[in-house]
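Right, one structure below, let's go through it.
Atoms within each ligand, like the ligands themselves, are counted from 1 in listed order.
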Amino acid sequence: MNSGTGGATDKPIEITMVASEMFPFAKSGGLGDVIGALPPALGRMGHQVCVYLPAYRAVLNEYDPGSPAQVADVFAEARYEIFSLEHEGVSVRLVGADDLFDRAGFYGDARGAFPDNAERFARFARGALSHMERERAHPSIIHCHDWQSALVPPLLKYRRTGDEKWSGVSTVFTIHNLAYQGRFHPDDFAHTCLPDEAMGLDGLEFHGDLNFMKGGILFSDVFSTVSERYAQEMLTEEQGEGLEGVVVFRKDALFGIMNGIDDAVWNPESDPHIPARFSSARPEAKAACKAALQKELGLDLDAEGPLCVVVSRLAHQKGIDLILETMDELMGLGVSLAVLGTGEEDLEQGLAEAASAHPGRVAFAPAYDEALSHRMYAGGDVLLMPSRYEPSGLNQLYAMRYGALPYVRRVGGLADSVISSPTPEADSDTGFHFDAFEPADFLTGMERICRVFLEQGLWRMMMRNAMEKDSGWDGVAPRYVELYEKAMRPQPR
Ligand code: ADP
């Protein structure tokens, strides 16, 4: 992996992002937050940024972007409707493709993933490039994110040979989660409109299937992921999700940049979603937020131990099963637990059972609720994040900003962003770590947390450290500019 990105210059760069989520328009996880905040931060640095997003039904209904431009596909016989919006100085283009995005859900519904996702996101990539070509908009950088926009680099590679206007356009591909690869039946290759040779071993073919993410890795000029530690982990068999060989092959073009947070949206001093405002200098009102959250969720107000919160997709990755497995011991330690999240049925069921087995001590809100998530971070003493793997993680950054100390497994972005020294706690600590994904290890850390919680001076010092940690995007965006500059220079292959 590459460790440095070189020096940034002040010259404005024309950057176009292609992504499947962008807060506040469409968000299901961290990707949405990143695309909502990184483009405006680049804009504040003087760069010109535009974002392409699918024209999901919910976005069209809520934001009413007016009448669309009609655009013909430059790769095949198809048409698009391109709508326009603005977000914090960034132009947003919504790609409508027949009825492919005009449905409830981004990637699937209660029955699972949409069966035509290969066609949907192949059309999204083709539609975005077709619109750029029609507008004669050839930015210096096209920055794509995850499998949903991973066809852009291969499409562009072949387009460059036929159309020299594209030859000055460089591509960056960012992996937010290597486990979601966009893997489909080989017959779906027809939707990509790529030449047959692109379906070879050194192309999008993967164990006989079509793999969008592999195309993004192989055909981009540089690629990145969302923490330095995860960039290292992606090279290994344990965390490489089967693509480690491909990642290793291109490791000289791989960079890791830890995510930031939008500190205007996530600010306990001005947050409209929380019942009382507080700061690191005046943290007193956090107690009122805690009491309000306990009341809202039906938790006992007089619990002695820390209030632990979880805000998460309920997916295997997030390690929620470790919390369920140790529930009795956690109760024995005197902690309370509040969980906000939706996802896998067995986890939802386990949490609902725990809540009814421990009334007043365990609460489960099976919902996706942006405003409640703010109240959870504001009211919680501890955020639990026992992830099996975590490319970056944003929740721990939000929790720190709101004075909830993160208790995380030492992996990926969690290891990079939460400072925890061996006992006794050092002056710089912002949270707690554990290593092995084992009940005993998890509980040992929890016991330590309960002890430190009783030492008020130490707890307050850690809260202050966590709240004062600067994780804003304005500090992170210059690293992406360095990455773009790297992409604009020829890379080893
Ligand atoms: P991932 O992208 O893997 O889901 P991240 O930690 O990077 O994990 O980002 C998760 C984002 O989704 C955070 O902004 C978090 O607050 C939000 N989130 C997750 N679950 C919920 C929920 N049930 N309600 C509201 N927000 C949620």
Side-chain angles (χ1 to χ4, degrees), residues 19-38 106-107 145-148 174-181 225-227 229-230 233 239 241 256-268 271 273-274 293 296-297 309-320 323 338-344 347-348 351-352 363-380 383-402 404 406-409 411-418 431 471 473 476:
S20 60
E21 296 187 23
M22 178 183 196
F23 181 83
F25 306 116
K27 166 179 163 181
S28 78
L31 171 67
D33 283 341
V34 173
I35 308 303
L38 173 59
F106 304 148
Y107 315 122
H145 300 265
D146 278 350
W147 72 264
Q148 293 90 344
T174 295
I175 296 170
H176 297 257
N177 193 332
L178 190 59
Y180 301 93
Q181 299 177 359
T225 188
V226 285
S227 68
R229 173 98 168 214
Y230 191 61
E233 291 169 351
Q239 305 264 22
E241 302 288 346
I257 302 176
M258 181 70 204
N259 277 337
I261 65 176
D262 188 333
D263 42 22
V265 175
W266 300 95
N267 183 353
D271 192 327
H273 301 300
I274 63 177
L293 182 68
E296 177 177 356
L297 299 177
V309 296
V310 175
V311 179
S312 184
R313 288 185 295 115
L314 300 179
H316 184 70
Q317 171 197 345
K318 301 292 181 181
I320 308 296
I323 299 174
V339 181
L340 168 65
T342 55
E344 290 167 18
L347 295 172
E348 286 198 14
L351 288 163
F364 173 43
Y368 188 93
D369 185 333
E370 195 75 30
L372 178 54
S373 76
H374 287 240
R375 296 196 292 278
M376 299 276 286
Y377 300 123
L383 174 88
L384 301 183
M385 234 173 144
S387 304
R388 286 189 163 78
Y389 70 96
E390 197 59 71
S392 167
L394 290 170
N395 303 9
Q396 80 281 10
L397 302 180
Y398 300 143
M400 285 192 272
R401 193 91 209 279
Y402 284 71
Y407 179 36
V408 301
R409 184 146 177 262
V411 287
L414 299 175
D416 283 358
S417 60
V418 177
S471 299
W473 273 106
V476 181

Within ligand 1, which atoms have a heavy atom of Gly341 less than 4.0 Å away?
23 (N)
Candidate pair Ser20 and Tyr107, rule side chain to side chain donor-acceptor pair (under 3.5 Å), full reasoning
CA-CA 9 Å; Ser20 60; Tyr107 315 122; 2.9 Å; yes
Flag the pair Tyr402 / Met376 as yes when at least one side-chain heavy-atom distance between them is below 4.5 Å, and no otherwise.
no
Would Glu348 and Thr342 count as a side chain to side chain donor-acceptor pair (under 3.5 Å) if you check the C-alpha gap in whole Å, the side-chain angles of each, and the deciding distance to 0.1 Å?
CA-CA 7 Å; Glu348 286 198 14; Thr342 55; 4.9 Å; no
Compute the shortest N/O to N/O distance between Asp369 and ligand 1 and return yes if it is under 3.5 Å, no if not.
yes
Would you say ligand 1 has an N or O under 3.5 Å from any N or O of Leu394?
yes
Is a salt bridge present between Arg313 and Glu344, judged by a nitrogen-to-oxygen distance below 4.0 Å?
no
Of the choices Gly32, Ser312, Ala367, which has the non-hydrogen atom that lies closest to atom 19 (C) of ligand 1?
Ser312
How far apart are the closest heavy atoms of Val311 and Ser373, and which atoms are they?
CG1-CB, 3.8 Å
Please check whether Thr342 reaches ligand 1 - meaning an N/O of the residue sits under 3.5 Å from an N/O of the ligand, judged on distance alone.
no
Would you call Glu296 and Arg375 a salt bridge, taking side-chain N to carboxylate O under 4.0 Å as the test?
yes
Note: Ala404 and Gly380 closest approach over all heavy atoms is CB-O, 3.4 Å
Can Glu21 and Ser28 be said to form a side chain to side chain donor-acceptor pair (under 3.5 Å), step by step?
CA-CA 7 Å; Glu21 296 187 23; Ser28 78; 2.6 Å; yes
Tell me, which protein residue and heavy-atom name are nearest atom 16 (O) of ligand 1, and how many Å apart are they?
Tyr377 OH, 2.9 Å
What atoms in ligand 1 come closer than 4.0 Å to a heavy atom of Ser373?
25 (C), 26 (N)
Shortest protein contact, atom 9 (O) of ligand 1 (heavy atom only):
Gly30 N, 3.2 Å
Output the list of atoms in ligand 1 that are nearer than 4.0 Å to some heavy atom of Asn395, sorted by atom number.
5 (P), 6 (O), 9 (O), 10 (C), 11 (C), 13 (C), 15 (C), 16 (O)
Tell me whether Asn177 has any N or O atom under 3.5 angstrom from an N or O of ligand 1.
no
With side chains defined as the heavy atoms from C-beta onward, is the minimum distance between Val34 and His176 less than 4.5 Å?
yes
The answer for which part of Tyr180 has a heavy atom under 4.0 Å from ligand 1 is neither
Gln317, any N or O under 3.5 Å of ligand 1 N or O
no
With only distance considered, is Asp33 within less than 3.5 Å of ligand 1 through an N or O on each side?
yes
Regarding atom 8 (O) of ligand 1: of the candidates Arg313, Lys318, Lys27, His176, which has the closest heavy atom?
Lys318
Shortest non-hydrogen separation from Asp271 to His374 and the atoms involved:
OD2-ND1, 2.6 Å
Closest approach of any protein heavy atom to atom 21 (C) of ligand 1, naming residue and atom
Tyr368 CE1, 3.5 Å
